[in-house]
Peer 1: 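Structure below; questions to follow.
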2 protein chains.
Amino acid sequence: MAERDHLYLRLAVDLAILTVRDDALQVLTITRANQPFRGQAALPGGFLREGEDLVGAAVRELGEETGLDGHRLHLEQVEAYGDPDRDPRGRIISVAYLAMMPDLPLPTAGSDASSATWTPVATATGLAFDHDRILADAVERARSRLEFSTLATAFCGAEFTIGDLRNVYEVVWGERLDPRNFNRKVLGTEGFVTATGGKRMPEVGRPAALYRAGGATTLNPPILRTDKAG
Amino acid sequence: MAERDHLYLRLAVDLAILTVRDDALQVLTITRANQPFRGQAALPGGFLREGEDLVGAAVRELGEETGLDGHRLHLEQVEAYGDPDRDPRGRIISVAYLAMMPDLPLPTAGSDASSATWTPVATATGLAFDHDRILADAVERARSRLEFSTLATAFCGAEFTIGDLRNVYEVVWGERLDPRNFNRKVLGTEGFVTATGGKRMPEVGRPAALYRAGGATTLNPPILRTDKAG
DNA sequence: TCGCATTAACGTCAGACTGACAATAACTAT
DNA sequence: ATAGTTATTGTCAGTCTGACGTTAATGCGA
C-alpha cells in the first residue's frame, strides 16, 4: 500500500432528527447560510473534529441544532455516504445518524439553529447534497425499528397513552392500525410499557391510562407492518 | 463553520468476507505484512482512492483479496467506525462491508492475498485494530439477513438442495433446525427457490432435489430464529 | 337524573403460522 | 430382499393475527 494511494478527505456527520408532530412524521431541516446550496434546505450536520468520535460529533451537532442532550435521546448510525462528487467542496464522506425524539420545544434561539425548522417528511424533498437519499434511508430505518424494537416510545414523552403510541406507529408507517389489536399486542408484550397508574383526561370521552417505557428493548415477536416498501 | 474545524483524515474500507465451509461460518483473514499489528490477523481492507466511491473500493478490495468479481456477490455496508485512536497510524475512519459468498476456491495466488486464509468465526479473535468488533457486527448482520431475506442462497452455489440451504441457516445461526419444518417453510415461500428438476446423488440415501435461487429478495413472513443474541 | 356522543379497553372467533413428531419415499450396500 | 440412510410429505395442537362486536368511563345537554 503505497503512500500515493492515500487519499485525504474530510468527514461530515449529518443528522436526520425525526419527531412525530401534528400527526405527521417531521424532520429537522436547516436553511443553508453558506455556499454550496446556499438558501436551500438541508439536514443539519458538520465536520468531524480532532479527537472526536462519530457519535460524539453527532451528539455535539444535535446539541448545537436543538439544544438537547444527545446522550438522552436515541441516536444511531444509518450509513456512510461516499460518492466522489456528492459534495462540490471536494471529497467529503458523510456519516448519517438517525435521532428519534418526542415533540419538544426546541430551546435554541440565537445559535446556529436559528434557521432550524420542522418539516413533514412527505414535503421534505429537494434537499441539498444527497440529503434526500439520506433522509429516505433514515426514515426507512426508523420504520423498521418500530417493527422490532420498543423505540416507538422514543417519540413519546415520559408518560403516554396506548393511543399515543399507536399514533406514532400510524404516523411513521403511514398506515392505519386496529386500536383493539394494537392494545392487545402492546400490553401482551412483556416489558414494552408499564402502567403508571395515572390517567389522562381527554376533551371528551373516557380517560386513558398512562404508561411509561418498559425495560425491554427488542420486540419478540415483532409488530410487522403489512406494507413493506424499502 | 471555520476552516480550523476541518479535520483531514484517511478512509479505509474493511471487508468481512463470510462463507460457509466445513460446516462452519468462516471469515477471510489476512496476516498483516506491515506495521502496525505486523504478523497479526486482520480483515482485508485498504484505503479509499481518488474518484472511487465506497462500494467501488469494497469491490476492488474484494477482487484483490479473492480474485472474485464483487459485482456478482452480495456486498453491503455494515457501519462506519471512527474511534479517534482505532488506528495508531493516525486518524483513519473505516467503513466496513459485509460480503457473503459460496465456498469457492480462491483464484488468487501471487497477489496481496497470498496470506489470505479462511478462519472459523468462532476462532477469529484477537484481530488487529477494532476488527473483532467489526467482525462481530458483520456476523450479526448476516444472521439477521437470513431471517428477513433470501440471502442464505448467497452462501450456496448456483444449484443447491434444501438440505444445503438448511445447513447454511444452522451454521450461521449456530442452531439446529427441524428439516421437515424448514422444508415446508422454504417451499411455501413464494419465490425463495425454484426447482431445477435435477437431483443430487449423495453417498448414501435418497437423492435430493436441486434448486436455484428464486426471484424474491425479502422473506414475508420471515424465518425468525429463537435465540436472538445481538 | 337521564340519555347520548365520544373515546378507551376488553372479548370473540376463524384462519394462518409454528413447533413437535410420525410416516413414507428413494436410494446404497450387503 | 433387507437393513441403513437421507429426503420429503403429512398430521395435529398450540399460538398468533386480523376482523369485528361489546362493554366501560367520561363530559355534555336535555
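Labels below follow one simple rule: chain letters A, B, ... track the order of the sequence lines, proteins then strands, and each chain is numbered from 1. Predicted, not measured: the structure shown is a model, and the values here were computed from it.
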Peer 1: Thinking salt bridges, do B/R141 and B/E79 make one under a 4.0 Å N-O criterion?
Peer 2: no
Peer 1: For residues 196-212 of chain A, which residue pairs qualify under salt bridge (Lys or Arg N to Asp or Glu O under 4.0 Å), counting only residues two or more places apart or in two chains?
Peer 2: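 Listed once each, the pairs are A/E159-A/R212, A/D164-A/R200.
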Peer 1: Grab the N/O contacts between the protein and nucleotides 12-18 of chain C below 3.5 Å, and write none if there aren't any.
Peer 2:
unit_1 : atom_1 : unit_2 : atom_2 : d
C/dT12 : O4     : A/R184 : NH1    : 3.4
C/dT18 : OP1    : B/K185 : NZ     : 2.7
C/dT18 : OP2    : B/K185 : NZ     : 3.1

Peer 1: Can you tell me how far C1' of D/dA25 sits from CD1 of A/I162, to the nearest Å?
Peer 2: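 Rounded to the whole Å, the gap is 17 Å.
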Peer 1: Could you tell me the separation between the CZ atom of B/R166 and the C1' atom of D/dT8, rounded to a whole number of Å?
Peer 2: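 My rounded result for the distance is 11 Å.
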Peer 1: Do you know which two heavy atoms are closest between A/L219 and A/S149, and how far apart they sit?
Peer 2: CD1-O, 3.3 Å
Peer 1: Please report, rounded to the nearest Å, how far the P atom of C/dA9 is from the CG atom of A/L165.
Peer 2: 12 Å
Peer 1: Of the nucleotides D/dT9, C/dA9, C/dA20, which has the atom closest to the B/D178 side chain?
Peer 2: C/dA20
Peer 1: Nearest whole angstrom, please: distance from the C1' of D/dG27 to the CZ of A/R200.
Peer 2: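 From A/R200 CZ to D/dG27 C1': 17 Å.
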Peer 1: Taking side-chain hydrogen bond (donor to acceptor under 3.5 Å, both in side chains) as the cut-off, I'd like each qualifying pair that reaches into residues 181-196 of chain B, sequence neighbours left out, listed once.
Peer 2: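 Checked against side-chain hydrogen bond (donor to acceptor under 3.5 Å, both in side chains) - neighbours excluded - the pairs reaching residues 181-196 of chain B are B/N181-B/R184.
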Peer 1: Quick one: list whatever passes side-chain hydrogen bond (donor to acceptor under 3.5 Å, both in side chains) with B/R32, sequence neighbours left out.
Peer 2: none
Peer 1: Minimum heavy-atom separation for A/A124 to A/V27, with atom names?
Peer 2: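 Nearest heavy atoms, A/A124 then A/V27: CB-CG1, 4.0 Å.
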Peer 1: For residues A/M101 and A/I17, report the shortest heavy-atom separation together with the two atoms involved.
Peer 2: SD-CG2, 3.7 Å
Peer 1: Listing request: all ring-ring contact (aromatic ring centres under 6.0 Å, His included) pairs with a residue in residues 175-208 of chain B, at least two apart in sequence or in separate chains.
Peer 2: B/Y169-B/F182
Peer 1: For the pair made of CG in B/N167 and P in D/dA7, what is the distance, rounded to whole Å?
Peer 2: 10 Å
Peer 1: Take atom CZ of A/R225 and atom P of D/dT17, then tell me their distance rounded to the nearest Å.
Peer 2: 16 Å
Peer 1: Treating primed atoms plus P, OP1 and OP2 as sugar-phosphate and everything else as base, which nucleotides of nucleotides 22-30 of chain C get B, S or - for protein heavy atoms under 4.0 Å?
Peer 2: B--BBBS--
Peer 1: Rounding to a whole Å, what distance do you find between B/R176:CZ and C/dG19:P?
Peer 2: 16 Å
Peer 1: So does A/R143 pair up with A/E147, basic N to acidic O under 4.0 Å?
Peer 2: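 So A/R143 does not pair with A/E147 through a salt bridge.
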